[in-house]
Amino acid sequence: MTIPEINNQSYTYRPGELLPELEGHISRGRFERVLRNGDFAVTAELAPPDSTDRNEVFEQAALFDGFVDAINATDGSGANCHMSSVVVCALLSYIGYSPIMQISCRDKNRIAIQGDLLGAGALSICNVLALTGDDVSVGDHPEAKRVFDLDSISLITLINKIRDEGSFLSGRKITNPPQMFVGTSINPFVPPVESRILQLEKKINAGADFIQTQYCFDMPMLKDFMSKTVDKGLTEKAFFLPGVGTLASVKTARWIKNNVPGVHIPDSIFKRLEGADDQKKEGQKICAELMQQVKEIEGVSGVHIMAYKQEECVAQMVKDSGVLGDRKPWAPKDEY
Amino acid sequence: MYRARLFASRHARAYEVIYNATSPVILSTLRVINKITKGKLDRPITWSEKIIKGFLFDCQMCGNCVLSSTGMACPMNCPKTLRNGPCGGVRENGNCEVKPEMKCVWVEAWSGSAKMKDNLAIQEIQFAVNHSHRGSSAWIRLAKENKQIT
């Protein structure tokens, strides 16, 4: 069997290289550096393809070039089948991007997850996002078995143990443990809202280094949540990247509100979309404005963009928002 | 039983008092029984634990009981069996993402815990369930290990 050559001329296929070790840094990846440098970081979600064509991954990633610091590869988002997040991250890492590997507890037990973490480390993947995962019942394989051997907090604990103690859960030694920068998510909008801060505190105590939130469309609610987070001193312990998204139309917004668990969209957004001539454009305008507002909030270190099926608009929205200032995130084209 | 379970988290403080009072008695009795019978009564004891806790809390016999740390709401009733708080999919009415007719176990747990004297226990990190204890009695294990019921 011959391994096919990579045929995308604009990239050179080489293993991702780790950056030199820095004092006070956990990982040797670029994403952590941007955050620790105090720059406003931008991350975006990449939708893994339903295909074996790796160029589909590269083409989607290239849409973010120069506007995004790190790329999240979702792990069976919405409990639907797609290319695995480990492999998407491996492909991205080989180009030199800074991928964030999402791990959902829904599909793998502790044996599989620890194996994936070692594999990810071998591929210079430096960031992971520990998630509970959407339930199988909302996806395209509702008849599948739920795993949930771990929950997100146990997963954060596990990744920290592997990293800091250099051993598996069993205690067996790992000769070269993966140095992962660990993130997790929080949804500031689910009831009871008071307990969300406690939940966040628990996640940070478990060892989360950065937080990417669920879609934030309700800025007053997010501001309130962030001010409580700052008061508790949690922004000293972890980096916060609130999630923003773009809504293609009122119809999409309504569908998301009714079908995607835990997404809170206030009426004001619906009104704006309804009143617009071009709802898609208005959705993007709202998203860029949300980014600006997020940047103004105390304790925020960046923004996370989830533009499902509108990935081609991410760069323009970041540009319009001006949140990066003069800074241009790393892009492969700069290197070659 | 769903209604008995909701009752437990609603009256978590009273359950806590009863629990704290009875657990040392239960455990020392079990220790004595274990010494005399050398484990011969393990099956009926496990069976009674299943009946009692099953009725009161919808206990799923995970063998890793954390009821008093979770506001007297058994986390194994969460469809995702989350042990450290809710997922991000809680509905606006506080019900479960997977079972819309059921109150989120963690919404129950937080409100139960707030009523309890030891209301900080819920903030302790519970590492994932040890599945090799599944179906076994948490009481017997604690009695043998000389620990308190948690």
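For clarity, every value in this text was computed on a predicted model and none was experimentally measured. Letters A, B, ... mirror the listed sequences (proteins, then strands); counts begin at 1.
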Task: Per-residue contact mode, A:Arg110 against chain B (heavy atom under 4.5 angstrom) - done: side chain
Task: Residue among B:Gly85, B:Gly94, B:Ala114 with most heavy-atom pairs under 4.5 Å to chain A - done: B:Gly85
Open item on the list: Return the OG1 to CG distance between B:Thr81 and A:Asp151, rounded to the nearest 0.5 Å.
Closed with: 7.5 Å
- [ ] Tell me, for B:Arg83 versus chain A, whether the close heavy atoms (under 4.5 Å) come from the side chain, the backbone, both or neither.
- [x] both
Task: Non-hydrogen side-chain atoms of A:Arg196 and B:Pro86 separated by less than 4.5 Å - done: yes
Task: Proximity breakdown for A:Thr132 and chain B, heavy-atom pairs closer than 4.5 Å - done: side chain
Task: B:Gln123 portion near chain A, given a 4.5 angstrom heavy-atom threshold - done: both
TODO: Check each atom of A:Asn187 against the heavy atoms of chain B and say whether the ones under 4.5 Å are side chain, backbone, both or neither.
DONE: side chain
- [ ] Please report the shortest heavy-atom distance between A:Val190 and B:Gly88, naming the atom on each side.
- [x] CG1-O, 3.4 Å
Open item on the list: Would you compute the distance between atom CD of A:Gln199 and atom CH2 of B:Trp110 and round it to the nearest 0.5 angstrom?
Closed with: 6.0 Å
Open item on the list: Counting only non-hydrogen atoms closer than 4.5 Å, does A:Val138 touch chain B with its backbone (N, CA, C, O), its side chain (CB onward), both, or neither?
Closed with: side chain
TODO: First locate atom CG of A:Asp135, then atom SG of B:Cys96, and finally report the distance between them rounded to the nearest 0.5 Å.
DONE: 7.5 Å
Open item on the list: Can you tell me if A:Tyr308 has over 12 outside heavy atoms packed within less than 6.0 Å of its OH?
Closed with: no
- [ ] Could you grab the distance from atom CG of A:Leu155 to atom CG of B:Asn84, nearest 0.5 Å is fine?
- [x] 11.5 Å
Open item on the list: Taking side chain as everything from C-beta outward and backbone as N, CA, C, O, which of these in A:Leu169 sits under 4.5 Å from a heavy atom of chain B? Side chain, backbone, both or neither.
Closed with: side chain
- [ ] Could you tell me which portion of B:Val129 (side chain, backbone, both or neither) has an atom closer than 4.5 angstrom to a non-hydrogen atom of chain A?
- [x] backbone
Open item on the list: Using a 6.0 Å cut-off, check whether atom CD1 of A:Ile111 has over 12 heavy atoms from anything other than its own residue.
Closed with: no
TODO: For the pair B:Lys80 (side chain) and A:Gly133 (backbone), establish whether a donor and an acceptor sit closer than 3.5 Å, ignoring hydrogens and angles.
DONE: yes
Open item on the list: With a 4.5 Å cut-off on side-chain heavy atoms, are A:Asn109 and B:His131 touching?
Closed with: no
Open item on the list: Taking the side chain as everything from C-beta on, heavy atoms only, tell me whether A:Pro191 gets closer than 4.5 Å to B:Val107.
Closed with: no
Task: Approximate separation, where rounding is to 0.5 Å, of B:Glu124 CD and A:Asn205 CG - done: 11.5 Å
Open item on the list: As an exercise, state the distance from NZ of A:Lys202 to CD1 of B:Ile122, rounded to the nearest 0.5 Å.
Closed with: 6.5 Å
TODO: Flag yes if more than 12 heavy atoms outside A:Lys223 fall under 6.0 Å of its NZ atom; otherwise flag no.
DONE: yes
